[in-house]
Amino acid sequence: MTDLSAVKAALKSQRIETPSWGYGNSGTRFKVFRQAGVPRDPYEKLDDAAQVQAATGVAPVVSLHIPWDRVDDFAELGTHAKKHGLTLGAINSNVFQDDDFKLGSVTNADPAIRRKALDHLLECVDIMDQTGSRDLKLWFSDGTNYPGQDDIRARQDRLAEALAAVYERLGDDQRMLLEYKLFEPAFYTTDVPDWGTSYAHCLKLGPKAQVVVDTGHHAPGTNIEFIVAFLLREKKLGGFDFNSRFYADDDLMVGSADPFQLFRILHEVAKNNGLAAETGVAFMLDQCHNIEAKIPAVIRSVMNVQEATAKALLVDLDALTAGQRSGDVLAANAVLMDAYNTDVRPLLAEIRQEQGLNPDPMAAYRDSRWQQQIVAGRVGGEQAGWGA
Ligand code: LRH
Ligand code: MN
């Protein structure tokens with residue numbers, strides 16, 4: 001039988017990290033629809049992230065992206081975060097927007113360009129020292145567009161060399177999370193295309209190197225929960241970049257395209273002690289809100305993760321194991337579907353009330369009238385994000 005007080009305790013201690021770039025303008029190659037009231041600097045991004053924390057109570061950490069969030073004084077930014085009851089989370093490197101990295105960053109055939117890329121990664125660790133961040137999140141757009149364009153194996157050698165140098169630089173309590181992605185912006189080879197490649201590099205590097213699973217970075221039909229179960233077993237799951245997609249790396253609100261997949265993923269996380277702080281899984285959102293209001297979209301996303309987590313925690317594991325052990329396929333499947341088909345919204349509303357929060361986070365945000373304030377107040381200056 002499921003212990004409801006343990007379920008409630010786990011939900012109250014859940015921590016979801018929101019992306020600074022999710023509050024800025026974003027779009028596709030076709031168009032960036034800029035929105036009124038969008039932050040103009042990392043301080044205003046934190047002000048918006050604080051609204052998500054105020055409404056949900058489970059989103060006190062904000063990921064930064066360098067150089068998008070570069071400031072003169074990161075300690076001061078940390079103080080600003082603290083004022084809002086927030087902490088600064090993963091530092092995301094960016095070696096995908098510099099002209100020099102057209103043919104690759106750390107995998108480039110030119111040693112001077114590789115050095116430039118490595119220097120950026122090392123600068124990100126310097127920033128982690130200032131922000132107190134544990135995680136360096138590494139995503140490489142590196143790849144090729146045509147067969148023969150470059151040597152696949154040589155690029156892996158160059159990648160491994162750079163990763164080893166970054167690993168060497170990490171402090172004792174710091175980690176590097178290596179993100180993989182099947183394709184885009186490269187369309188023939190991507191140098192870290194799948195979980196196996198990331199896992200193999202992380203295994204060679206050591207315990208401070210872990211894999212990050214971005215839920216939008218797989219080939220259609222990939223069983224992501226299998227990857228999650230496998231990496232948890234190997235103690236190599238460093239975290240998630242949660243979002244959802246119908247086709248490719250759509251970066252839509254997590255749980256909006258496939259809530260059942262999100263439930264299956266969190267079922268593997270919950271049953272393998274992945275929600276426990278000591279397991280060290282970072283639950284990060286990595287989304288772009290191209291047409292929808294950004295702060296409510298992040299609040300909705302946090303609620304979607306909470307709902308999928310609550311359903312996963314309601315799985316009757318004893319009954320599930322009994323069905324699995326006895327080969328009763330339908331019984332075992334039914335246990336999972338019963339949990340998935342449970343309406344957990346009343347339970348989450350109850351938990352929020354017990355935390356002194358509005359049971360409906362979207363209503364809480366509406367009632368704060370923050371949206372009106374930022375639309376009226378943030379006039380002039382350059383909006384953060386794409387298409388600036
Ligand atoms: C790459 C990615 C990566 C981030 C970027 C914003 O597609 O998922 O995690 O650096 O999005
Ligand atoms: Mn990502």
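Throughout, residue positions are numbered sequentially from 1 according to the sequence presented. Both counts, for ligands and for their atoms, begin at 1 and track the order of listing.
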Q) Nearest to the Mn ion (ligand 2), which N, O or S atom of Asp286 do we find? A) OD2

**Q.** Within reach of ligand 1, part of Asp251 (heavy-atom separation under 4.0 Å)
**A.** neither

Q: Answer side chain, backbone, both or neither: which part of Glu184 comes under 4.0 Å from ligand 1, heavy atoms only.
A: neither

(Q) Check for me, please, whether Leu182 and Val192 land in the same ILVMFWY cluster - side-chain distances under 4.5 Å, paths through other members count. (A) no

(Q) Test of understanding: given a 4.0 Å heavy-atom threshold, classify the contact between Asp249 and ligand 1 as side chain, backbone, both, or neither. (A) side chain

Q) atom 4 (C) of ligand 1: which protein heavy atom is closest, and how many Å away? A) His65 NE2, 3.7 Å

**Q.** Atom indices of ligand 1, in the order listed, that fall short of 4.0 Å to a heavy atom of Lys181
**A.** 7 (O)

Q: Quick one: look up the protein heavy atom nearest atom 9 (O) of ligand 1 and list residue, atom name and how far away it is.
A: Glu179 OE1, 2.7 Å

Q. Linking Ile, Leu, Val, Met, Phe, Trp and Tyr by side-chain heavy atoms under 4.5 Å, what else ends up with Phe260?
A. Phe263, Val315, Leu317, Leu320, Val335, Leu336, Met337, Tyr340

**Q.** Heavy atom of the protein closest to atom 2 (C) of ligand 1 (residue, atom name, distance)
**A.** Asp286 OD2, 3.4 Å

Q) Do Ser198 and Glu179 have side-chain N/O donor and acceptor atoms under 3.5 Å apart? A) no

Q.
Between Trp139 and Tyr180 (judged by ring centroids, cut-off 6.0 Å), do the two rings come close enough to count as a pair?
A. no

Q | For the Mn ion (ligand 2), the closest N/O/S atom belonging to Asp214 | A | OD2

Q.
Is the distance between the ring centroids of Tyr199 and Phe230 under 6.0 Å?
A. yes

